[in-house]
2 protein chains.
Amino acid sequence: MDTFDCLKIENQLCFPLYVVSKEVIRKYQPFLNELDLTYTQYITMLILWENNKLKVKELGEKLFLDSGTLTPLLKKLEIKGYIIRERSKNDERNLMISITQKGKKLKEKAALIPEKVGKCINLSEKDALKLYELLYKVLYNIKEGE
Amino acid sequence: MDTFDCLKIENQLCFPLYVVSKEVIRKYQPFLNELDLTYTQYITMLILWENNKLKVKELGEKLFLDSGTLTPLLKKLEIKGYIIRERSKNDERNLMISITQKGKKLKEKAALIPEKVGKCINLSEKDALKLYELLYKVLYNIKEGE
DNA sequence: TTTAATTAAATTGTATACAATTTAATTATA
DNA sequence: TATAATTAAATTGTATACAATTTAATTAAA
C-alpha cells in the first residue's frame with residue numbers, strides 16, 4: 001500500500017461510473033434510432049411527456065444541462081417536429097418548450113424501450129434499487145456541497 | 001400504475017447514472033485544471049502511470065474509448081509533453097504510447113486529487129464499496145451480452 | 001425615470017464520444 | 001507469391017457538454 005494506490009484505476013469510483021454511464025447509453029442507441037432520437041434527446045422527451053410545457057430554464061434544471069447544450073438540441077427536436085419553441089408572452093426572456101401531437105405519439109413506441117435496456121443491464125430488483133438509491137445519494141451530496 | 005410509468009424520469013436508472021457521472025467529472029475539473037488535464041486526459045494518465053508503455057489499442061480497451069476519441073486526445077497530451085507517440089518497430093500499424101519524465105512527475109500532484117473529490121462525493125466506506133460493486137456488475141452484464 | 005443590476009437564451013470556443021469510412025501495414029489464402 | 005482478408009489508427013461527420021461571453025429583456029435602485 002503506497003502513496004499512489006489511490007491513483008490506481010481499480011481504486012477509482014469515478015471511472016466505472018463514467019464507463020457504465022457511456023455503455024448503458026450506447027445500449028439505448030439501437031432502440032432510440034427507431035424513434036430518430038439520441039439519448040440526450042430521449043431524456044428531454046421523458047421530461048416533456050410528463051410536463052407538456054415548460055421553460056428552457058426549468059428543463060435545464062431537471063436534466064442538469066445548460067443552454068449551451070439545450071439550445072441546439074431543442075432546435076433539432078423542433079425540426080423533427082416533436083416540440084415547439086416559442087417565446088413567453090409575459091417575459092420574452094423565457095423560451096417555452098411544448099410538445100406536439102407527433103411528439104406525444106412517440107411515447108407509445110418509447111414505452112417498450114426501458115424493458116429492453118433493462119434486460120441488457122440485467123440487475124436483480126434489489127440491486128437495481130440499491131444502485132438507484134446510491135446514485136441519488138451521491139447526487140444529493142455533491143449538490144449539497146455547492 | 002399505467003403503461004407509461006416506465007417512462008417517468010423518477011423510474012429511470014440510466015438517468016441518475018448519466019447525471020452523476022457528469023457531475024462527479026465536473027467536481028474533478030478545478031483540481032485537474034491545476035495539472036492542465038481534462039477528465040478524459042486524466043484517466044488516460046492513470047493508465048499510463050500504471051503501464052509505462054502500451055498500444056493505443058490496449059489503452060482503448062482499458063478506457064473503453066476508440067481511436068476516434070483517443071487520437072486527438074493523445075496528440076494533445078503529446079503537445080503538453082506528458083507522453084510520446086511513436087510507431088512500433090515490429091508492426092507499424094501499432095502506435096506506442098509512452099510516458100515522459102514530465103508525465104511521471106504529474107503523478108505526485110495528482111495523488112492529492114482522489115481524496116479531495118472523495119470529500120465532495122461524501123459516501124461512507126460501505127456505500128462506496130457497494131456502489132463500486134454494483135457498477136462493475138452492470139459493466140460485466142452489459143459486456144457479457146455482446 | 002434614467003441607470004444599474006439581474007436574468008434567460010444564445011453564442012463562441014474547446015474537448016470529448018462514437019459510428020462509419022479510409023488508409024496503411026500485416027497476415028492468411030488460393 | 002500475388003491477392004484477399006484482417007487489423008490498427010486516423011479521419012470524417014454528427015451530437016453532445018460546458019465554461020465563458022454576449023445579447024436582449026426585465027427588474028431594482030439611485
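Fair warning: this is a prediction, and the values are worked out from it, not measured in the lab. Protein chains get the first letters and strands the later ones, always in sequence-line order, with residue 1 at the start of each.
Taking only side-chain nitrogens and oxygens, A/Gln41 comes nearer than 4.0 Å to OP1 or OP2 of D/dT16. Contact check, A/Thr40 against D/dT16: a side-chain N or O comes under 4.0 Å of OP1 or OP2.
Taking the six-membered ring where the residue is Trp, B/Tyr42 and B/Trp49 present perpendicular rings, their angle passing 60° and hence far from 30°. Ring orientation note: the planes of B/Tyr39 and A/Tyr18 are nearly perpendicular, at an angle over 60° on the 30°/60° scale.
In this structure a side-chain-to-backbone donor-acceptor pair under 3.5 Å is present from B/Gln41 to B/Thr38. With A/Glu50 contributing its side chain and A/Ile47 its backbone, the two residues share no donor-acceptor pair below 3.5 Å.
Counting to the nearest Å, the P atom of D/dA9 and the CD1 atom of B/Ile83 are 13 Å from each other. Spacing between atom CG of B/Asp36 and atom C1' of C/dA15 amounts to 13 Å, rounded to whole angstrom units. Distance B/Leu63 CG to C/dA17 P: 10 Å, rounded to the nearest Å. Here the C1' atom of nucleotide D/dA25 and the NZ atom of A/Lys89 are 16 Å apart, to the nearest Å.
Closest to the side chain of B/Arg93, from the set C/dA9, C/dT26, C/dA17, is C/dT26. Each of D/dT6, D/dA17, C/dT16 was ranked by its minimum atom distance to the side chain of B/Thr38; first place goes to C/dT16.
Summary of the strand contacts: A/Leu95 and B/Pro72 both lie near DNA chain C, and taking for each the nucleotide with the nearest heavy atom, the more 5' one is attributed to A/Leu95.
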